[in-house]
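Just so you know, these numbers use all the heavy atoms, side chains as well, and skip hydrogens, waters and symmetry mates. For the single chain, residues carry numbers from 1 onward in sequence order.
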Amino acid sequence: MPQTVDIRVERAAGLAEKHQTAAARHRQAAERATARGNTAKAQQERSLAERSERLAQEHTRFAERNTAGASRARAARSVNAAEILRRAEEAAATPDPMPLTPRQERAEAKRALMLERADAARTKDLRNAGVEADPRTAAGQRELVTSSARGVSGKRASLSGYGSLIQNPADRTGPRLKAMEVFDELSHRAFAGLLPEPRFERGVDVSKTLSGVADSRADALMEMSRLAARVGDVSQALLFFRVFERRRFTAMRDLGMGDERTLATLFLAAVDGVARHYGFATTHRAVEAMNERLSAA
């Protein structure tokens, strides 16, 4: 997988530190072998130390040579991410989409073809697991993963984990996974009882709380209201469909919520909002910049 220059520089710096530590360890082992009179072992450890030092120097030179390029790549990526988020928010707020240029039309056609092939492969994989992935059904609209259990013939399908809800593996950070887990648990408590189990006889409520409303659900609904006020009702809705109901972006697109790329960007921003609300992540850079600007005024 291709990597940007700043990622390669960070990796080179880490490898240089790793080889330096290994070289020091081999030098110490050589001294201990010399003290014991084991010349063969001492010579081997010295050779390993020289090799580690040589590799550390190579990685250090690479990192020093590409420091400026890494800074430019890091700045460009942050600008691109902010620009993608801005465009996604504009697209979500614009009722009538702008006409596409011929180049954009070709890119959209290519992307649609890739999505069609990916859906065909996914449908075949789910069919092998015994699931009919019809987009008109609930199973066809949810994020399902297949796996082959040991000792069991055939594949098995199950709901995807929180990590699979974020498309880019590099974006699956700990605070985001924790934020999705907390939102999912909050949703289960807040929306409990909305789809009651079928009863053959009328139930009798003998609890001391308000009829039909448990204390835990009432507290969860209040917490959900506070969270929605913090992240926004659109972000709450995206989290509801993606995290709580495990809807695919294509299914959300078919509901008129926007295209998949826009939904993926807005969903990631919504997850970050939940993470900041519960203190799993640091303050957004935009908020920090605003506070710095106001404090300097």
Side-chain angles (χ1 to χ4, degrees), residues 85 88-89 92-93 137-139 141-145 157-167 171-249 251-258 262-288 290-291:
L85 178 59
E89 292 175 345
T137 63
Q141 296 179 4
R142 290 194 171 96
E143 284 285 359
L144 300 176
V145 294
S158 61
L159 283 176
S160 62
Y162 299 117
S164 302
L165 298 179
I166 298 179
Q167 295 177 331
D171 295 332
R172 299 169 188 170
T173 60
R176 286 171 175 166
L177 298 179
K178 183 64 176 177
M180 288 188 288
E181 180 183 358
V182 170
F183 182 85
D184 193 16
E185 294 176 353
L186 178 63
S187 299
H188 279 283
R189 290 192 293 115
F191 307 136
L194 295 184
L195 298 175
E197 297 181 357
R199 294 171 179 254
F200 298 100
E201 296 180 358
R202 183 180 298 275
V204 179
D205 189 358
V206 295
S207 62
K208 297 181 180 180
T209 59
L210 294 177
S211 177
V213 180
D215 290 340
S216 60
R217 184 188 171 200
D219 295 340
L221 287 173
M222 293 179 61
E223 177 61 25
M224 184 66 76
S225 299
R226 288 191 291 267
L227 178 62
R230 173 68 183 273
V231 302
D233 53 353
V234 175
S235 297
Q236 181 198 18
L238 294 177
L239 291 167
F240 172 82
F241 284 107
R242 184 66 173 164
V243 177
F244 181 63
E245 292 197 343
R246 293 293 203 280
R247 297 287 187 100
R248 302 176 61 211
F249 284 132
M252 296 167 66
R253 176 205 61 193
D254 295 339
L255 293 175
M257 301 182 190
T262 301
L263 290 171
T265 304
L266 294 178
F267 171 71
L268 203 60
V271 173
D272 289 339
V274 176
R276 288 191 295 271
H277 176 70
Y278 289 107
F280 303 143
T282 57
T283 306
H284 195 279
R285 178 52 192 161
V287 179
E288 294 180 351
M290 181 186 69
N291 293 335

**Item:** Any donor-acceptor N/O pair, R242 side chain to L239 backbone, under 3.5 Å
**Value:** no

**Prompt:** Do the side chain of R176 and the main chain of L268 share a donor and acceptor less than 3.5 angstrom apart?
**Reply:** no

**Request:** Taking all non-hydrogen atoms of both residues into account, name the closest pair between Q236 and A228 and its distance.
**Result:** OE1-CB, 3.4 Å

**Request:** Kindly indicate whether the side chain of F241, heavy atoms from C-beta on, has any atom under 4.5 Å from the side chain of L263.
**Result:** no

**Request:** Any chance you could lay out the salt bridge (charged side-chain N to carboxylate O under 4.0 Å, His left out) test for R246 and D184, step after step, and finish with the verdict?
**Result:** CA-CA 10 Å; R246 293 293 203 280; D184 193 16; 3.7 Å; yes

**Complete:** Value for CG (D233) from CZ (F240), rounded to nearest 0.5 Å, stands at 14.0 Å

**Euclidean distance, D171 CG relative to D272 CG, rounded to 0.5 Å** = 8.5 Å

**Item:** Straight-line distance of F267 CZ to I166 CD1, nearest 0.5 Å
**Value:** 6.0 Å

**Prompt:** Got a donor-acceptor contact below 3.5 angstrom from the S235 side chain to the V231 backbone?
**Reply:** yes

**M257 side, atom CE; M252 side, atom CE - distance, nearest 0.5 Å** = 5.0 Å

**Message:** Working to the nearest 0.5 angstrom, can you tell me the gap between R230 CZ and L227 CG?
**Reply:** 9.0 Å

**Item:** More than 12 heavy atoms from other groups under 6.0 Å of CE on M290
**Value:** yes

**Prompt:** Rounded to the nearest 0.5 Å, what separation is found between the CG atom of L221 and the CZ atom of R226?
**Reply:** 11.0 Å

